[in-house]
Amino acid sequence: MLNVAILDSGIDKKYIDSSIAGKHHIYMEYGKICIDDNVEDEFGHGTAIFSIISNQINTRAEKRVQFEIIKLFDDEEISEEILCYALEYVYEKLDVDIINMSLGLIMLMEGNRLLNICRKLYEKGTILVAAFDNMGAMSYPAAFDCVLGVTGCAACKKINDFVYFNDTIINIGAKSGLQRVAWISPPYLLITGNSFACAHVTRQVISFMLDGLRELQQIKTAFSDLAVKKISYKSTDVLSPQFKIESASLFPFNKEMHSLFRFRDMLDFEIVDIYDSKISLHIGASVNKLLNIQDQKDYVIKSINNIEWDTFDTLIIGHLKEYEFYSNNPDMLEKVVKTAIEKGKNVYAFDDLLKEMNMTCSEKLYYPRVDLANALPVREGKLFQINKPVLGVFGTSSKQGKFSLQLELRKRLMLLGYSVGQIGTEPSAYLYNFDFLFPMGFNKSIYVDVQQGIQILNYQLQKICERDKDIILVGSQSGTIPYDFNNLECYTTDQINFLMATQPDAVILCINPYDDPKYILNTINLIESIGNGSKVIAIVVFPMTIDKGWKELYGKKTILSEDEFLISKEKFEKMFEIPVFCLGTENDMEKLVQNIINFF
């Protein structure tokens, strides 16, 4: 006897006959889960699913199929707690071969509870069949690798047409288009949806199991054999450094390296020396004086021509395009990289070395790159809904300390005991143990189209969620909306796509004290309109100003005085009704972090 459990809205009482082995109504009442045997369908959905699955099954099987009807809801909403409890109930109390779930959740809030019970049922030998969300999102339990995930496919014109996906997430496509199904009132309905595709797949699974197939992989193979279409997905994950850094030297000492020096307490390796080229005019200079900071350990910048190879295991090489141009030495990057490799050193480069010198990442060589090899399976366009709070850092221009702010927030949140996931767009992101680097900044090295990029970022956010982080930080580049539309360089398509891909719940907007208030307001409005419920919760002022107004982008910059900041703070808070903080000010950074904690 084959036993099939249908988790749905129950069935119409006219279908209750000898094929119904058990009736289980699981529901919540006054905060407590209750169980009785009233499975009468008040919605119609469960009746439709049962009629599809049971149609002609027992005629062929000679009454060798029985059903456990498990009613979980009376409308289209399904509770995660009820679904988990129902599957745990089936595992402990019932002996079933197949579970049909023409339902799903696009976001899980109870950790791995649903995944764990699905795996236990799978290991017990139960075949689980679940439908993906009708609106196109990734949903659970269909997306689990231990569940047969079903989506509707236009290629499936008839109820016995199937598409086979060679994939760990989407497995089978079936008819979800307009079809006539049994209902409650009216008694029949013309309807569409992945729920009904799932029921068609379950009916076919029953047929396979009656023929002797029992394992999930056997059933997948059987679907592959009769499929009207086969789709095979392959992808390669984006590479991160394959070597561990113990000690490193930096070259050259440009903007990106400033952050490495300022936040070197967040690195899990030692900075040994800092090197530069003579065209920088920095050789022999004190790093503390150049950065106008007081530090117990100062560094004197050394010449790259006199590099001491025996003192470190990794050379971190920043962007060298400008150096190559002004020194009339177009091979500077190639010479340094090849010498480092010949000396047996690891190389962490900020420039794309495949593009610049046709070198590929290896166990001792890393550079940021996202290309078509990393493009994810299309998977019918399905995206994950992120169940962890996401905090974004966006800005109104370049050179505002956005990355420094991200590091400051990371450090302070971690010191408070929070587990922080992070996606960075600066090439140094992996040096701080960020979870993912999407290199969209200066000399960007992203070679996928917009939709592929969004899908990659969405997938990486989901991977961070699966690591059970408390909060996810994401940081953009440069401005968020264009200053003008006179040149393609002015367009901020990368930043807008990054905003749409990451969908931060809250955003900290970095501004300059001389920014046009209308431009700031337009930026806030865009963030809050394109983001799915995104809210700009704080403004952080970069403490540098220029002499001739905000349009004089190349004017001389001076440090913002405390009085000047307070004037800006009062003005912007009155205009935007958003708290304003000063980057780098200890008291303000503490208040900003508390503001973030209070919001979430």
Side-chain angles (χ1 to χ4, degrees), residues 4 6-8 45 48-53 55-57 98-106 118 122 127-181 190-209 211 213 215-235 375-385 451-452 455 458-459 462:
V4 181
I6 299 177
L7 278 58
D8 216 286
H45 189 271
I49 299 305
F50 174 78
S51 66
I52 290 172
I53 294 173
N55 184 33
Q56 297 181 347
I57 284 294
I98 304 169
I99 299 175
N100 181 89
M101 293 172 280
S102 290
L103 49 81
L105 301 159
I106 63 172
C118 286
Y122 164 75
I127 302 298
L128 297 95
V129 188
F132 277 100
D133 172 61
N134 280 331
M135 299 303 292
M138 284 291 182
S139 59
Y140 307 94
F144 295 149
D145 59 4
C146 54
V147 175
L148 206 61
V150 180
T151 190
C153 281
C156 300
K157 307 296 184 183
K158 298 179 289 188
I159 63 173
N160 293 321
D161 288 346
F162 301 101
V163 171
Y164 175 73
F165 293 83
N166 184 14
D167 186 34
T168 57
I169 294 180
I170 301 179
N171 305 120
I172 309 296
K175 180 179 172 61
S176 63
L178 195 64
Q179 51 196 289
R180 183 174 181 268
V181 299
L190 288 172
I191 198 167
T192 65
N194 290 341
S195 294
F196 313 110
C198 182
H200 294 310
V201 169
T202 294
R203 189 183 71 250
Q204 186 60 52
V205 170
I206 291 171
S207 181
F208 288 148
M209 295 188 79
D211 288 337
L213 304 182
E215 296 180 6
L216 182 59
Q217 188 54 53
Q218 292 177 328
I219 289 169
K220 288 181 180 180
T221 301
F223 272 112
S224 176
D225 292 341
L226 61 76
V228 297
K229 183 178 180 181
K230 298 179 185 179
I231 299 174
S232 184
Y233 287 145
K234 293 181 180 179
S235 65
L376 292 165
V378 177
R379 289 182 176 135
E380 307 297 293
K382 299 180 189 300
L383 296 175
F384 294 99
Q385 303 302 297
Q451 290 189 341
Q452 291 166 337
Q455 193 178 23
N458 174 258
Y459 175 69
Q462 175 62 20

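Values below: all heavy atoms of this structure, side chains included; hydrogens, waters and symmetry mates excluded.
- How far OH of Tyr233 is from CD1 of Ile170: 5.5 Å, rounded to the nearest 0.5 Å.
- Residues satisfying the side-chain hydrogen bond (donor to acceptor under 3.5 Å, both in side chains) test with Asp8, not counting sequence neighbours, are His45.
- For Asp133, the side-chain contact (heavy atoms from CB on, under 4.5 Å) partners two or more places apart in sequence, or in a different chain, are Ile106, Met135, Ala137, Ser139.
- Residue pairs meeting the ring-ring contact (aromatic ring centres under 6.0 Å, His included) criterion with at least one member in residues 135-180, sequence neighbours excluded, are Tyr140-Phe144, Phe162-Phe223.
- Judged by distance alone, with hydrogens and angles left aside, the side-chain atoms of Ser102 form a donor-acceptor pair with the main-chain N or O of Ser195 at under 3.5 Å.
- Sparse packing is recorded around CD of Gln451, with 12 or fewer heavy atoms of other residues, nucleotides or ligands lying under 6.0 Å away.
- Side-chain atoms of Tyr122 and Val147, non-hydrogen and from C-beta on, never get closer than 4.5 Å to each other.
- Summarising the geometry, atom CG belonging to Leu213 is positioned 13.5 Å from atom CD1 belonging to Ile206; distances are rounded to the nearest 0.5 Å.
- Of the possible polar contacts, one joining the Gln455 side chain to the Pro377 backbone as a donor-acceptor pair under 3.5 Å is found.
- To the nearest 0.5 Å, the span separating CD1 on Ile49 from CG on Leu103 amounts to 9.0 Å.
- The CD1 atom of Ile53 sits 8.5 Å away from the CD1 atom of Ile98 when rounded to the nearest 0.5 Å.
- The heavy-atom pair separating Lys175 from Gln179 by the smallest distance is O-NE2, 3.3 Å.
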Would you mind writing out the side-chain donor-acceptor pairs for residues 148-160 within the sub-3.5 Å range, not counting sequence neighbours?
residue: Thr151; atom: OG1; partner: Lys382; partner atom: NZ; Å: 3.1
residue: Lys157; atom: NZ; partner: Ala154; partner atom: O; Å: 3.2
residue: Asn160; atom: OD1; partner: Arg203; partner atom: NH2; Å: 3.0

Begin with the C-alpha distance, continue with both residues' side-chain angles, and end with the deciding distance and a verdict on side chain to side chain contact (heavy atoms under 4.5 Å, CB included) for Gln204 and Ile219.
CA-CA 9 Å; Gln204 186 60 52; Ile219 289 169; over 6 Å; no
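- At least one side-chain heavy atom of Ser224 sits under 4.5 Å from a side-chain heavy atom of Lys230.
- When all heavy atoms of Ile231 and Val163 are compared, the pair lying nearest together is CD1-CG1, 4.1 Å.
- For the side-chain contact (heavy atoms from CB on, under 4.5 Å) test with Thr202, the passing option among Ile6, Ile52, Ile127, Asn100 is Asn100; the others fail.
- Under the rule for a side-chain hydrogen bond (donor to acceptor under 3.5 Å, both in side chains), Asp145 has no partner lying at least two apart in sequence or in another chain.
- Looking at heavy atoms from C-beta onward, Lys220 lies out of side-chain contact with Asn166 at the 4.5 angstrom threshold.
- For Asp161, there are no salt bridge (Lys or Arg N to Asp or Glu O under 4.0 Å) partners at least two apart in sequence or on another chain.
- In this structure, Phe208 and Leu226 have side chains that are in contact, with non-hydrogen atoms separated by less than 4.5 Å.
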For Met138 and Asn458, what are the C-alpha separation, side-chain angles and deciding distance, and is it a side chain to side chain contact (heavy atoms under 4.5 Å, CB included)?
CA-CA 11 Å; Met138 284 291 182; Asn458 174 258; 5.8 Å; no
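- Between the side chain of Thr221 and the backbone N or O of Gln217 there is at least one donor-acceptor pair closer than 3.5 Å.
- Taking every heavy atom of both residues into account, Leu128 and Cys146 meet most closely at CD1-O, 4.0 Å.
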